[in-house]
Structures are given as structure tokens and as C-alpha cells.
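Below is one structure, written out as C-alpha cells; comments come after it.
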Amino acid sequence: MKIGILSYHFPPEPAFIPGSLAEELAARGHEVRVLTGFPDYPGGHVYPGWRQRWHHETHSERLTVRRVPRYPGGATSTGARMASYLSFAGSATLTARRYFSGLDALYVFQLPATTFAAAGVLRLLGQVPTVLHVQDVWTRDGTDEAGEGGWVSRLGSAMTRIYRSAARIAVAAPSMRDLVVAAGAEPDRVRLVLNWTDERIFYPATPGAAARQLVRRDGRCVVMHAGTIGPRQGLETAVRAAAALDRTMDLVLVGSGSAERRVRGLAAELGADNVRFVARRSPVDMPELYAAADYQLVMLRDLPELRGTVPGKLQAALSCAAPVIASAGGDTTELVERVRAGLSCPPEDWAALADRFWLAATIPPPSRTEMGRRGRAAYLREMSLPAGVDRIERLLHEAAGRVTEPVGELRRKFA
């Protein structure tokens, strides 16, 4: 097939879903054309060594990547973010007719950032069948900022138009299906495709002496949270839970984010000496750090829009065969409990989380290892790169009319 990929982010940005999908589809014999922007995430500045220009293409066997200019600085403010979205939409639409001519199907990596570009490109291409891979349904985060409410409305309207025009829609979490159907998608066109992680980095590892020294300081159980320390994670709950068990376990927070100062302040206020902070590390270092800890902590706040989210750190932990403690609602805890990869509790309940921490510390190491093994097996079966690309490839064939599929498929839980 001749397949187009439209994605706001693409490698060398940390965008391994569209990047690895493009490589794998090309390796399977498809002709793949990617339309994206110049790399600027997460700093909001074009990467060193890159210069924005109109005619920039790279080629490898069966894979072409075309980059178009966009306004950088999308993370600095609401206005800058929307300027970046709209500038990419304009550049992509101007380029799409010629670049995407003759496609059998178009795949859209559907983040809010891609929405306006997708709306313009789909309108321009007309009859090209489209597969949307929905990663996030636009939420109310930040609606207290000036002018944000109007942009939420515009994004919501654009998403609805795209959902209604798509031949197939893949959602990254089961409950997300309800959200896109409520927004206008045809239920029979929606399928579950769980995200995979960067498997070149995240796989079972043996911790070296440096990793052990960084993570452990005695024989106590170590629970690690690796990643963003932000408003969605609600790590204050974890700090309060750990502070109640200061002689039982250690909580190690690896990373940084907008809520880091507040979380550090709470740990100091509570005198939680068993809560330690480690600066952000390179992703390639993380499997050893995961292995040096006893559990990986996955946290999401109790917000309606997060109940249909499976955060990427869960796939990374499962791929590394790390047992998990999940303090979240909806799909995340359902997955952890179903595959028996760890422990879970309701979100934003520090007493319940403290109970899970205590129980985790009492579980013997062989049982923890078995949790990790079950999680790894579930990842390979349901979330791995081959499994995900198989499902997306089938959706592309269905969209192009090359696969006969029964109508009225019942809603599936996890595959």
C-alpha cells in the first residue's frame, strides 16, 4: 500500500509511536510518506543543527519524511501553543495535496496539536480513507487561562468533524472509545490499539553497581516513580503515603516537572526522610534503575479525563518486567489488576496508597518477580510493537477496502 502518516511530532523528538510505526510499515513492504514539523519538543526551540525551510525531505528504502515549518515554542503559553498548532496546520495543508497524492490510506497520529492540520488535510484530500490513532481527547486542563475556553471549543468542534469523517479510529485506552463516540464517531469504526513503548530502550535489565547506589541505601523496599512531576500525577499523595511508612519503605522520585517544588516542599514539611529525589536521567539509563527498585509507581489524579488514559510509563514498566503499584482510576488500574502485574488503589487517597506500600513491602522477592513476569508477558501479547502495528496495518487495509470485516463488532475490552 501507499500510506501517508501525518504527525505533529516525529523522531528525533521523543515520538516513538509514529516513528516506529513508519519504520515497521516500510519494513513490511509498504511505501510510507511522513508529513511532520521540525523538531522542537520539549524545549520549544528548534533542535541544534536544524533549520526550518520549505523543502526538506529525507529518504530511506520505502520511507520518505517531509518536514514543514511551524511556529516553535508551543509549550510556553496558550497563545504560543495555538500559534504552533495553526502554523503547522497551514504548512501541512499547503504541502499535502502534492506530497500525499496517490495514497491508499492516511494514518493520523491524533494529538490535540495535530487536530487543525488533520482537519485541513482531510478536507483537501477528499476521498483518501483515514485512520486516526487518538492519543488524547482534548480536556479542560488550563481552561482558567485567558482565552483557553474558546480554543477548547474550536478544538472540540474540529475533532468532531474529523471523527465523523474517519474510516477507522484507533483509541489508546478502552474508555477513550466512549469519549470519541460521544464526540461523534461511528461506534463500529472504533478499535482499541494500546500504545507500545520504545522497545530498543525498555527491556528487562540487570542493575549495575551505580544504579543500585543511586536507588537503594539499605534493605528496605524501594518504590520508584519515574517521569514527569506535574499536576496530572498528584505525587503529593505518594509523599503523604510514604511519610506514614518512614521505617518500612523508600519512595524515589526520578524526574522533574512543574509540580516538583511543591512536592519537595511537602516532603520537607512532613519530615519524610524516606522520600528522595533524583534528577531526570536519560531514557537509556532507566531500565537499570527500574531493576534496582522493587516496584514502579504509576499515578494519575482523580480527573474524569484521566480515567480513560493509560500513561506511557505503565508500558515501559511492564516491558521491563517491573512490578507496578498503580494509584489511578479507570483503565490503568483495570489493566494492572487484570494481568496481575502488581497492586492498585483508588487515586488521591494517601491512606489507601500507604496500605498498598505496606503490603508491597511484605511481599517476598520471588512473588514480586512473578508479578513482573506476568506484566512482561501481557505487554508482549497485547501492547508490543508487532502487536500494535498488526492492528494498525489491518485498520489501514480495512479503511482502503482491502479487508472484509463483519459489521456491528461488540465493544472489546483489552485484547
Side-chain angles (χ1 to χ4, degrees), residues 1-10 15 17-18 21-22 25 30 32-36 85 88-89 92-93 96-97 99-139 154-195 308-309 388-412 415:
M1 296 177 67
K2 294 181 179 179
I3 299 169
I5 293 180
L6 177 66
S7 180
Y8 186 82
H9 297 300
F10 198 76
I17 297 292
L21 175 65
L25 288 174
H30 303 290
V32 181
R33 304 176 207 164
V34 178
L35 184 58
T36 188
Y85 296 178
F88 178 64
T93 304
R97 184 187 298 277
Y99 183 64
F100 280 156
S101 64
L103 291 183
D104 295 308
L106 174 67
Y107 167 91
V108 177
F109 189 66
Q110 182 62 27
L111 292 166
T114 322
T115 298
F116 294 125
V121 169
L122 267 60
R123 189 182 305 113
L124 183 72
L125 297 181
Q127 299 303 311
V128 176
T130 301
V131 174
L132 301 181
H133 196 176
V134 180
Q135 300 295 310
D136 192 10
V137 178
W138 185 256
T139 71
R154 292 182 180 91
L155 277 167
S157 297
M159 284 183 171
T160 295
R161 292 196 301 272
I162 297 169
Y163 295 155
R164 289 174 176 168
S165 66
R168 292 292 184 272
I169 299 175
V171 291
S175 298
M176 197 180 289
R177 180 184 187 276
D178 297 334
L179 297 176
V180 301
V181 169
E186 290 288 338
D188 289 341
R189 297 181 180 182
V190 183
R191 303 287 186 274
L192 173 65
V193 180
L194 292 167
N195 285 341
T309 297
V389 177
D390 283 348
R391 294 184 177 107
I392 290 174
E393 186 179 35
R394 179 178 175 85
L395 292 180
L396 289 163
H397 279 291
E398 290 177 9
R402 299 190 177 193
V403 173
T404 302
E405 205 222 355
V407 177
E409 180 179 342
L410 296 175
R411 174 182 177 176
R412 289 183 286 176

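In what follows, residues are counted from 1 in the order of the sequence shown.
- To the nearest 0.5 angstrom, Arg391 atom CZ is 14.5 Å from Leu396 atom CG.
- Rounded to the nearest 0.5 Å, atoms CG (Leu35) and OG (Ser7) are 9.5 Å apart.
- Contacts classified as side-chain hydrogen bond (donor to acceptor under 3.5 Å, both in side chains) and involving residues 112-122 (residues at least two apart or in different chains) are given here: Gln110-Thr115.
- Proximity of Tyr107 to Leu25: side-chain heavy atoms (C-beta onward) are nowhere separated by under 4.5 Å.
- Although no hydrogens or angles enter the test, the distance criterion places no donor-acceptor pair under 3.5 Å between the side chain of His9 and the main chain of Ala15.
- Looking only at side-chain heavy atoms (C-beta outward), Phe100 and Val128 stay at 4.5 Å or farther from each other.
- Looking at Tyr99, its side chain does come within 3.5 Å of a backbone N or O of Val34 through a donor-acceptor pair.
- Each of Val193, Ile169, Leu21 was checked for a side-chain contact (heavy atoms from CB on, under 4.5 Å) with His133, and the lone residue meeting it is Val193.
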List the steps and the verdict of side-chain contact (heavy atoms from CB on, under 4.5 Å) for Phe116 and Thr93.
CA-CA 10 Å; Phe116 294 125; Thr93 304; over 6 Å; no
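- In this structure, Arg191 contributes its side chain and Val171 its backbone to no donor-acceptor pair below 3.5 Å.
- Note that CZ of Phe10 and CZ of Phe109 are 11.0 Å apart. Values are rounded to the nearest 0.5 Å.
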Using the side-chain contact (heavy atoms from CB on, under 4.5 Å) rule, take Val131 and Val108 through it: C-alpha gap first, then chi angles, then the decisive distance, then the call.
CA-CA 6 Å; Val131 174; Val108 177; over 6 Å; no
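- Note that the CD1 atom of Ile5 and the NE2 atom of His30 stand 10.5 Å from one another [nearest 0.5 Å].
- Judged by distance alone, with hydrogens and angles left aside, the side-chain atoms of Asn195 form no donor-acceptor pair with the main-chain N or O of Ala172 at under 3.5 Å.
- When side chains are defined from C-beta on, Arg123 does not count as touching Ser165, because their heavy atoms never get closer than 4.5 Å.
- Judged purely by atom type and a 3.5 angstrom limit, Arg97 has no side-chain atom pairing as donor or acceptor with the backbone of Val121.
- Here Met1 contributes atom CE and Asp104 contributes atom CG; the two are 5.0 Å apart, rounded to the nearest 0.5 Å.
- Between the CG atom in Leu122 and the CZ atom in Arg164 there is a gap of 14.5 Å [rounded to 0.5 Å].
- The two residues Gly184 and Tyr163 have their closest heavy-atom pair at C-CB, 4.4 Å.
- Although no hydrogens or angles enter the test, the distance criterion places no donor-acceptor pair under 3.5 Å between the side chain of Thr130 and the main chain of Ala166.
- Side-chain contact between Pro129 and Leu106: absent, with no pair of heavy atoms (C-beta onward) separated by less than 4.5 Å.
- Taking all atoms of both residues into account, the shortest heavy-atom contact from Ala118 to Leu6 is CA-CD2, 3.8 Å.
- Remark: side-chain polar atoms of Arg394 are not paired, donor with acceptor, to backbone N or O of Val389 under 3.5 angstrom.
- Across all their heavy atoms, Ala96 and Leu124 have their closest contact at CB-CD2, 4.1 Å.
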Residue pair Ile3, Leu103: steps toward the side-chain contact (heavy atoms from CB on, under 4.5 Å) verdict
CA-CA 6 Å; Ile3 299 169; Leu103 291 183; 5.8 Å; no
